[in-house]
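Have a look at the structure below before the remarks.
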Number of protein chains: 2
Amino acid sequence: MHYRILIVEDDEELGKQIVGHFREAGFDPTWFKNGDAALMVRPQDFDLIVLDLMLPGAYGMDVLKHVRQEADVPVLVLSARNETTDKVRALELGADDYMTKPFWPEELLARVQARLRRPVLTRSGVIEVGSLAIDTVGRQVSIGDETVELTRVEFDLLTALAKRPGAAISRTWLVDNVLDPEREGGTRTLDVHISRLRKKLGDVGRTIATVWGVGYRLEPQST
Amino acid sequence: MHYRILIVEDDEELGKQIVGHFREAGFDPTWFKNGDAALMVRPQDFDLIVLDLMLPGAYGMDVLKHVRQEADVPVLVLSARNETTDKVRALELGADDYMTKPFWPEELLARVQARLRRPVLTRSGVIEVGSLAIDTVGRQVSIGDETVELTRVEFDLLTALAKRPGAAISRTWLVDNVLDPEREGGTRTLDVHISRLRKKLGDVGRTIATVWGVGYRLEPQST
DNA sequence: CTATGGCTTAGGAACCTGTTAAGATCTCCA
DNA sequence: TGGAGATCTTAACAGGTTCCTAAGCCATAG
């Protein structure tokens, strides 16, 4: 069975290239060259959406909003600029990942593949990993029947890991995306949060593995 | 069946050298010394194009553009400078890989082979070579059902080899790309890592072959 | 047989992580 | 506005892991 990928990209060259790479890799890509068409589509017909934010007419954000209203499909956002505002807004609107042009097609492919190995995310916005249940809407976490109280950072940290169970999430990514972005680098802050998270989660906490020199990973079959 | 390679390179020496290497390696190389000729060609007649950006008259980018308009042939770009602008522009125009001069002809050959001989990379980001499975996303390695604990360098080394099973990966490439780039040259560090990797992998470790005077190779049918 | 390159062992240096404790900051409510 | 409590950050250190280098031995090519 082939994953269906929707690509929204106005650049003729880049679009063709991306489509080619996806097809080669065994995906089933659909390519829209403008936002209007993308606004008509049923997002739930696709397994993942690659969206260029810099569409003519600044439709990028509209498309993203539309997709988010309709379904919980992962969205990978592309942007030509490396402006933080774009990134922040995209993430606020529910983008799942973000890439700055230019990039290697392989990298895009790799990220998409990583994203598709996704967790059990129920329609109500609950991520389930083993006995762990994360209500991303109500921002509540439970293990079995027990509710666990987490702070904001702890919750975001756990969510980031749980969104891609089994994947190693790099320290830098976590620091940049979960912790306060205004911070300056070079501390043990992340470790402290992980430490407390593990303690609060008890047995489940032990399924947060350290990937030495890289980051952390939530084991998929967390009991 | 021979792969047809188009080489666009104005430097007499380098061109001759590259052509020689490709021919030796069993490719079918065609060599153009200037961009004008390259603009006339039908890119779809080739399996891969090696393009020097620094052509007289600055035709490099034009050729790239031409190729991209015509067909979806992989293009490997060469450039004398190590300037980011060139790299970025090449990427925007759809180059698939990029090499900075000077380089070893072997390295060029290796990259070309890597591109033509697609790695065994499954949808989920797992590289499989025989009973060996490398989860590049989760950064985990297993042989059959057994998980193998590898350090960061060991993992990256194995991945580099496994991405191109059967291909000889040069020592220099491994040292430059896998080991800490800040290091100074002239040690036996790589050997030590390979040694430990072999030991940890047990039987599979024996399929990491030494290519005398060149580097290492992971045998494709590793048990 | 010789020279070159590769393998392995061992030790120490460098690095990374986990944890505790304390200070800074934020939030909420009276 | 003030203050208590919760939350986040930083510093400091311990403990462990990983990496690099040196040195001797072995394998290979010529």
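Fair warning: this is a prediction, and the values are worked out from it, not measured in the lab. Sequence lines set the chain letters: A, B, ... in the order given, protein chains first and strands last, and positions in each chain run from 1. Just so it is clear, the values below take in all heavy atoms, side chains as well, and ignore hydrogens, waters and symmetry mates.
D:dC20 atom P lies 11 Å from atom CD of B:E154, rounded to whole Å. If you take NZ of B:K200 and P of C:dT8, they are 15 Å apart, rounded to a whole angstrom. Here the P atom of nucleotide D:dC19 and the CG atom of B:L197 are 11 Å apart, to the nearest Å. Atom CG of B:L179 and atom C1' of D:dC20 are 10 Å apart (whole Å). A straight line from CZ of A:R152 to P of C:dT25 spans 16 Å, rounded to a whole angstrom. Spacing between atom CZ of B:F155 and atom C1' of D:dT17 amounts to 18 Å, rounded to whole angstrom units. Here D:dT7 presents its P atom at 15 Å from CG of A:L157, a figure rounded to the nearest Å.
A salt bridge links B:E12 to B:K33: at least one charged side-chain nitrogen sits closer than 4.0 Å to a carboxylate oxygen. Classification of B:K200 and B:E154 as a salt-bridged pair holds, one side-chain N sitting under 4.0 Å from a carboxylate O.
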Check your understanding: Could you run down nucleotides 15-21 of chain C 5' to 3' and tag each one B, S or - for protein heavy-atom contact under 4.0 Å?
Key -> -SBBBB-
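With sequence neighbours excluded, the residues that form a side-chain hydrogen bond (donor to acceptor under 3.5 Å, both in side chains) with B:D191 are B:R171, B:R188. With sequence neighbours excluded, the residues that form a side-chain hydrogen bond (donor to acceptor under 3.5 Å, both in side chains) with A:R139 are A:D156.
Here B:H193 does not reach the OP1 or OP2 of D:dT18: none of its side-chain N or O atoms lies under 4.0 Å away. Of the side-chain N and O atoms in B:T151, one or more sit less than 4.0 angstrom from OP1 or OP2 of D:dC19.
B:L179 CG to B:L190 CG: the interatomic distance, rounded to the nearest 0.5 Å, is 6.0 Å.
With hydrogens and angles ignored, the 3.5 Å screen pairs no side-chain donor or acceptor of B:W31 with any backbone N or O of B:V19.
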